[in-house]
Amino acid sequence: MARLLLKLQRYFRRKPVRFFSFIILYLTAGSLVFLHSGFAGETTETVKEPLASETINGDLDVQNLGLIGRVFKEAQRPSKRYGPPWLKTGSLDAPEKGRDYASSWSRALKGKGSRDQEESRAKYIGCYTDNTQQRALRGTSFFDYRKMTVFRCQDNCAERGYMYAGLEFGAECYCGHKIQTPNASESECNMECKGEKNNICGGANRLSIYRLELSQESARRYGSAIFKGCFHKPDNMSLALPVGVLMTNMSVDKCVDFCTEKEYSLAVLAGQNCHCGFPSVHFTLHEREDEQLCMHRCSGEEFESCGNEDYFVVYQTQVQDNRCMDRRFLPTRSKQLIGLASFPGAGNTWARHLIELATGYYTGSYYFDGSLYNKGFKGEREHWRSGRTICIKTHESGKKEIETFDAAILMIRNPYKALMAEFNRKYGGHIGFASQAHWKGKEWPEFVKNYAPWWASHTLDWLKYGKNVHVIHFESLKQQLFHHLKKMVTFLGLVVSEDRLLCVEGQKDGNFKRSGLRKLEYDPYTPEMRKAINGFIKTVDLALRRRNLTGVPDDYAPR
């Protein structure tokens with residue numbers, strides 16, 4: 001033993017060896033402390049944050065997880081949930097009987113988040129029961145155990161077209177088209193959101209549910225299928241809906257799955273019958289009926305409506321309608337240059353998407369945008385004078401540039417919306433969003449100061465110097481797509497195919513659509529900005545009316 005100690009003493013007397021040995025011991029000790037704290041944190045989190053998606057055997061059910069966010073996979077978890085002791089303020093037993101399933105519009109938000117919620121396009125409707133055997137919302141779900149917020153859940157559910165968004169256990173988000181469980185006591189939704197401590201995000205096996213007021217009712221979904229509405233039985237069933245089957249236990253899922261397998265874009269429920277087809281002149285989906293006329297309960301699912309012999313419930317499946325997907329360059333070079341002119345942020349890219357689907361020909365651009373080319377706009381690489389594209393995107397507003405074009409479609413959009421859209425594009429990309437730092441910094445006021453006058457001068461210049469200008473308002477195109485797109489195709493000198501236009505209606509959004517729900521939590525426009533912009537609106541409105549054109553829509557600004 002003495003010899004061993006003597007050897008160690010001689011070993012550490014050497015300065016370089018002693019120095020490096022101390023470093024190794026120091027790093028080892030630090031690593032052990034770090035690992036110990038990590039394991040301690042995991043142990044604490046396991047107790048306090050069990051998932052809501054455990055199965056009967058206690059294993060994690062990951063079938064519906066993970067559109068975004070982090071998911072923790074832990075095996076052999078107990079089927080019953082246990083929250084921290086201070087959160088056990090109410091019983092988690094079976095809910096009261098006789099409560100209304102979907103109409104409890106009962107309270108305002110808790111905490112400081114109420115003001116933000118009032119500004120968003122969603123309404124809190126109550127606390128509901130939820131468990132792995134009977135989900136209240138049966139659509140998409142995702143978890144984030146670090147940054148979940150009420151707004152984030154609402155935004156993602158709305159983006160996917162669901163009617164309801166529900167938050168559970170502070171970090172779990174569920175989407176759905178219908179609420180399929182009873183109400184629970186408000187005291188049982190008592191857990192703060194992981195990403196915002198002043199808002200409530202459900203509780204243990206309890207959902208805080210919001211109804212999403214989507215901008216377009218047709219964007220409602222049931223799972224992967226988009227709800228289109230209630231429609232009267234078409235006159236010629238064999239031409240309108242060529243495939244059909246009788247289902248004894250009819251449900252939306254069964255009909256949608258059947259039509260998807262048969263590769264049709266429409267699943268039509270008519271009582272016990274399921275029909276499949278495509279939108280056509282025989283079944284345009286333009287004349288919607290009151291949904292109450294279709295309120296006939298499905299035989300295979302009590303919470304769903306399956307229509308009846310005269311009034312059909314229609315869903316759009318995930319099958320792509322290929323009647324309008326083929327696109328190519330013009331077979332012969334055009335001798336006319338037709339512009340698709342707009343102020344930035346006024347919907348030019350969306351209009352190009354519609355025109356390409358409606359005509360079957362690529363659109364070109366005065367510029368080059370690689371991201372648009374990669375998304376399928378193959379005309380981006382063509383020189384704008386090549387004559388191989390049906391029309392040319394341009395934001396130019398100078399006399400010389402405008403007079404280059406033989407004709408033009410002029411897109412006009414509400415300047416308040418257009419300015420914000422272009423600001424988001426500039427700092428967040430085509431479908432992204434500018435950060436709060438950009439909105440609240442010096443960039444936004446400077447942007448409005450420079451771009452707001454351009455919004456007016458752009459329209460005025462095209463009206464003044466344009467040779468043959470067809471004016472279309474962005475808002476009118478959204479509201480009456482078929483009607484205005486038909487006029488645009490005719491203006492481009494092409495024969496209109498109505499079946500092709502109906503196909504476009506089912507695929508109108510394209511790859512460049514921002515979420516319909518997400519918006520700022522405050523009004524970015526100051527009174528001074530609004531005063532200036534309202535003046536520009538009046539100027540443009542007057543210029544349009546002087547040329548016997550339709551003035552700007554009433555919702556641009558009070559006049």
Where does the angle between the aromatic ring planes of [X] and [Y] fall among parallel (under 30°), tilted (30 to 60°) and perpendicular (over 60°)?
{"X": "Phe423", "Y": "Trp444", "answer": "perpendicular"}
{"X": "His458", "Y": "Phe343", "answer": "perpendicular"}
{"X": "Tyr124", "Y": "Tyr210", "answer": "perpendicular"}

Once salt bridge (charged side-chain N to carboxylate O under 4.0 Å, His left out) is applied, do any residues pair with Lys486, and if so which ones, sequence neighbours excluded?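 Lys486: salt bridge (charged side-chain N to carboxylate O under 4.0 Å, His left out) contacts with Glu498.
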Going by atom types only, do Ser497 and Asp499 share a side-chain donor-acceptor pair under 3.5 Å?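 Judged by distance alone, the side chains do not pair up.
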Between Ser238 and Asn236, is any side-chain donor less than 3.5 angstrom from a side-chain acceptor?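 Yes, a side-chain donor-acceptor pair sits under 3.5 Å.
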When you compare the side chain of [Y] with that of [X], does any pair of heavy atoms fall below 4.5 Å?
{"X": "His286", "Y": "Glu505", "result": "yes"}
{"X": "Tyr367", "Y": "Glu396", "result": "yes"}
{"X": "Pro344", "Y": "His395", "result": "yes"}

Where [X] and [Y] come nearest, the two heavy atoms and their spacing:
{"X": "Gly360", "Y": "Arg500", "answer": "CA-NH2, 3.1 Å"}
{"X": "Ala358", "Y": "Leu485", "answer": "CB-CD2, 3.9 Å"}
{"X": "Tyr264", "Y": "Thr317", "answer": "O-OG1, 2.7 Å"}

For [X], is the [atom1] atom crowded, meaning more than 12 foreign heavy atoms sit under 6.0 Å from it?
{"X": "Met295", "atom1": "CE", "answer": "no"}
{"X": "Arg530", "atom1": "CZ", "answer": "yes"}
{"X": "Asp290", "atom1": "CG", "answer": "yes"}
{"X": "Glu261", "atom1": "CD", "answer": "no"}
{"X": "Glu263", "atom1": "CD", "answer": "no"}
{"X": "Lys467", "atom1": "NZ", "answer": "yes"}
{"X": "Gln320", "atom1": "CD", "answer": "yes"}

In Å, rounded to the nearest 0.5 Å, how long is the span from CD1 of Ile412 to CZ of Phe474?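 Ile412 CD1 to Phe474 CZ: 13.0 Å, rounded to 0.5 Å.
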Residue among Lys393, Arg352, Lys375 satisfying salt bridge (Lys or Arg N to Asp or Glu O under 4.0 Å) with Glu380: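 Going through the options one by one, the only one that passes is Arg352.
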Under the criterion ring-ring contact (aromatic ring centres under 6.0 Å, His included), which of Trp455, Tyr451, Tyr525 is the partner of Tyr416?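 Running ring-ring contact (aromatic ring centres under 6.0 Å, His included) over Trp455, Tyr451, Tyr525 with Tyr416 returns exactly one hit, Tyr525.
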Lys/Arg N to Asp/Glu carboxylate O, Lys531 vs Glu528, below 4.0 Å: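 Salt bridge absent between Lys531 and Glu528.
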Test: Cys294-Cys230 SG spacing under 2.5 Å: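 Answer is yes: Cys230 pairs with Cys294 in a disulfide.
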So, is the end of the Lys378 side chain (NZ or CZ) under 6.0 Å from the ring centre of Tyr373 and within 45° of the ring's axis?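 Cation-pi check for Lys378 and Tyr373: passes.
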